[in-house]
Amino acid sequence: MAAVVFLKKFCRINLSKICQNKSLYLKPRQSQCRTFRVNAALLQQPFDSADEKPQFPGASAEFVDSLEFIQPNVISGIPVYRVMDRQGQIINPAEDPKLPKEEVLNFYKKMTLLNTMDRILYESQRQGRISFYMTNYGEEGTHIGSAAALKPTDLVFGQYREAGVLLYRGFPLDLFMAQCYANADDLGKGRQMPVHYGSKEHNFVTISSPLATQIPQAAGAAYALKRENADHAVICYFGEGAASEGDAHAGFNFAATLECPVIFFCRNNGYAISTPTNEQYRGDGIAARGPGYGMMSIRVDGNDVFAVYNATKEARRRATAENQPFLIEAMTYRIGHHSTSDDSSAYRSVDEVNYWDKQDHPISRLRQHMVSRGWWDEEQEKAWRKQSRKRVMEAFEQAERRLKPSPDLMFTDVYHEVPPHLHRQREGMWRHVKQHREQYPLEQYDK
């Protein structure tokens, strides 16, 4: 905390010196939006011993003379914002985003294409073709709704179940497959386990396995964008289980105190692997934590793609205009297993899963909306399902035929120039491989 206070003072003192450099002048509106500021409520007021109001610098409050503890349910429950009901009907016309037909159809096609890719890659893992996979069943609305509300230049920090965000941004099916198969086309050169996607071109930071590490990283990236006076935001995705990690506290607190343009997007899908929410926390979900950090917060129906779109779009607008973080809790349900290493039938019932799959699925809700508006019918559905499966299968078959990355790539990309000890290790590896040639199918690897 001392470091944060010092950094605020440093920025405030040196702002005038920085602005003397005319090369840093911006347009009036942009300059006003991106300037550094310190919330006046956080500054200690001049001390007046005659005033019976609290003078403590750490909080803004009044004195009371009765002993009373704050109850955890002081708020009856943060409401869930939605635009469509479960039948796909707009509830309040004023909240209808009024997106053009083409964009809504794109939402639907991206959601169903992701669903098709999931089914094929899940079966691929079950057949032993790839080592691992994580599906996105039931959470497609959180991906597409939020991705559509961002600008392509906004930076994305994902956890591991945000493939739809990358798909919406134009990441090709070929590269999804290449990453899961760790072949020579993989942008990560075969160094990551499946579903750990990343793309510099699409401003999507590569996924890493340790839980919640992306949260403080996102806060730091947003602070850097603020320092650059760039009209960009950062969005950071995580699950409600990751919100129990200490990194979540650090990220939230830094983002709030440094006033960073970042959107923390929590996918509350009911389970942290096998741990249900009633064993994960005692408070009112994740959105209830936002005010404690001084963050604007909202809870949305994650199965309503329009509600997710509206909330993310407004959060993005205000985050960049006001230099402040936002917390979005998207309530949804993980229909699939946590991963191919998990069997969710051990901790939840089939009836529970079937309800969300059949009665409250984001894809079926959007389809009902399109049908009610005359934008979609059964023939179009059959044609698209056939076409999308063909596209995924073509990428799948191509990925299987490609060679694996060259073994030499194990020794690159850490140092600008490969040091002597790595040269020795590489030479030792090749001596071993040549000595036991029958154990290493080099014809399956790129040169």
Side-chain angles (χ1 to χ4, degrees), residues 114-115 117-119 121-126 128 130-143 146 157-166 179-180 192-198 205-218 236-252 264-289 299 302-303 327-357 360-362:
L114 173 63
N115 187 270
M117 182 179 78
D118 275 347
R119 294 181 187 282
L121 284 173
Y122 180 84
E123 291 303 322
S124 174
Q125 192 281 333
R126 286 297 188 240
I130 60 176
S131 61
F132 178 82
Y133 194 69
M134 302 182 80
T135 64
N136 303 276
Y137 301 148
E139 301 184 45
E140 297 89 348
T142 64
H143 299 191
S146 59
F157 284 81
Q159 184 163 301
Y160 44 58
R161 211 183 301 277
E162 288 85 26
V165 177
L166 198 48
Q179 198 284 323
C180 289
Q192 284 267 38
M193 64 188 294
V195 308
H196 286 52
Y197 311 111
V205 179
T206 302
I207 303 298
S208 60
S209 292
L211 201 62
T213 55
Q214 76 276 14
I215 299 177
Q217 293 168 2
C236 179
Y237 294 91
F238 56 96
E240 84 287 348
S244 295
E245 294 283 344
D247 280 342
H249 162 75
F252 295 164
F264 293 113
F265 193 103
C266 176
R267 297 174 291 92
N268 192 333
N269 62 19
Y271 290 89
I273 307 183
S274 59
T275 305
T277 54
N278 67 323
E279 296 179 17
Q280 183 71 231
Y281 52 76
R282 282 291 179 267
D284 181 22
I286 309 304
R289 303 179 191 180
R299 176 176 287 156
N303 294 342
L327 174 60
I328 298 175
E329 181 182 21
M331 310 304 292
T332 182
Y333 189 83
R334 193 197 76 212
I335 291 175
H337 305 297
H338 173 74
S339 72
T340 50
S341 303
D342 174 47
D343 178 9
S344 64
S345 65
Y347 53 84
R348 60 183 184 177
S349 69
V350 174
D351 289 341
E352 176 183 322
V353 176
N354 283 340
Y355 166 78
W356 293 97
D357 191 23
D360 198 2
H361 199 290

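- Arg119 forms a cation-pi arrangement with Tyr137, by the criterion of a distance under 6.0 Å to the ring centre and an angle within 45° of the ring axis.
- In this structure, Pro194 and Cys180 approach most closely via the heavy-atom pair CG-O, 3.6 Å.
- Atoms OH and OG1, on Tyr122 and Thr135 in that order, are 7.5 Å from each other to the nearest 0.5 Å.
- Nearest heavy atom pair, residue Gly239 against residue Cys266, reads C-SG, 3.9 Å.
- Here the side chain of Gln192 pairs no donor or acceptor atom with the backbone of Ser209 at under 3.5 angstrom.
- Side-chain atoms of Glu240 and Thr277 form no donor-acceptor pair, as typed in the model, at a separation below 3.5 Å.
- Between the side chains of Asp247 and Thr213, not a single donor N or O lies within less than 3.5 Å of an accepting N or O.
- Counting heavy atoms from C-beta outward, Ser274 and His338 have side chains that stay 4.5 Å or more apart.
- Looking at heavy atoms from C-beta onward, Ile215 lies out of side-chain contact with Phe157 at the 4.5 angstrom threshold.
- When all heavy atoms are compared, the tightest approach of Glu140 to Leu114 is CG-CD2, 3.9 Å.
- By the 4.5 Å heavy-atom criterion applied to side chains, Asn303 and His361 are not counted as neighbours.
- In this structure, Arg267 is not positioned above the aromatic face of Tyr237 in the sense of NZ or CZ being under 6.0 Å from the six-membered ring centre and within 45° of the axis.
- The distance from the CG atom of Asn269 to the OG1 atom of Thr332 is 7.0 Å, given to the nearest 0.5 Å.
- Considering all non-hydrogen atoms of both residues, Met117 and Tyr133 come closest at CE-OH, 4.0 Å.
- Side-chain N or O atoms of Glu329 include one that pairs as donor or acceptor with a backbone N or O of Ala287 at under 3.5 Å.
- Counting only heavy atoms from C-beta outward, the side chains of Glu162 and Thr142 never approach each other to under 4.5 Å.
- Heavy atoms only, all atoms of each residue included: Thr340 and Arg126 are closest at O-NH1, 3.1 Å.
- Within the model, atoms CD1 of Ile273 and OG of Ser344 stand 12.5 Å from one another, a figure rounded to the nearest 0.5 Å.
- Judged by distance alone, the side chains of His196 and Ser208 never bring a donor and an acceptor atom under 3.5 Å apart.
- Residues Phe265 and Leu327 have side chains not in contact (no heavy-atom distance under 4.5 Å, counting atoms from C-beta outward).
- Ile286 CD1 to Asn268 CG: the interatomic distance, rounded to the nearest 0.5 Å, is 6.0 Å.
- Inspection of the Tyr271 and Asp342 side chains reveals no N or O donor paired with an N or O acceptor under 3.5 Å.
- Here the side chains of Pro276 and Tyr347 are not in contact, with every heavy-atom distance at 4.5 Å or above.
- Between the side chain of Ser339 and the backbone N or O of Met134 there is no donor-acceptor pair closer than 3.5 Å.
- In this structure, Asp284 does not pair ionically with Arg289, as no charged nitrogen and carboxylate oxygen lie closer than 4.0 Å.
- With a 6.0 Å cutoff to the six-membered ring centre and a 45° limit on the axis angle, Arg161 does not count as a cation-pi contact of Phe238.
- Counting heavy atoms from C-beta outward, His337 and Asp343 have side chains that approach closer than 4.5 Å.
- We find the CG-CD1 distance between Asn115 and Ile335 to be 8.5 Å, quoted to the nearest 0.5 Å.
- Within the 4.5 Å cutoff, side-chain heavy atoms of Leu121 are placed close to those of Ile130.
- Across all non-hydrogen atoms, the minimal contact from Glu139 to Tyr333 is CG-O, 3.9 Å.
- The closest donor-acceptor contact from the side chain of Ser345 to the backbone of Val350 lies at 3.5 Å or more, if one exists at all.
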- Message: Set out, in order, the CA-CA distance, both residues' side-chain angles and the distance that settles side chain to side chain contact (heavy atoms under 4.5 Å, CB included) for Gln214 and Val205, then state yes or no.
- Response: CA-CA 9 Å; Gln214 76 276 14; Val205 179; over 6 Å; no
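- Atom CG of Asn354 sits about 8.5 Å away from atom OG of Ser349, to the nearest 0.5 Å.
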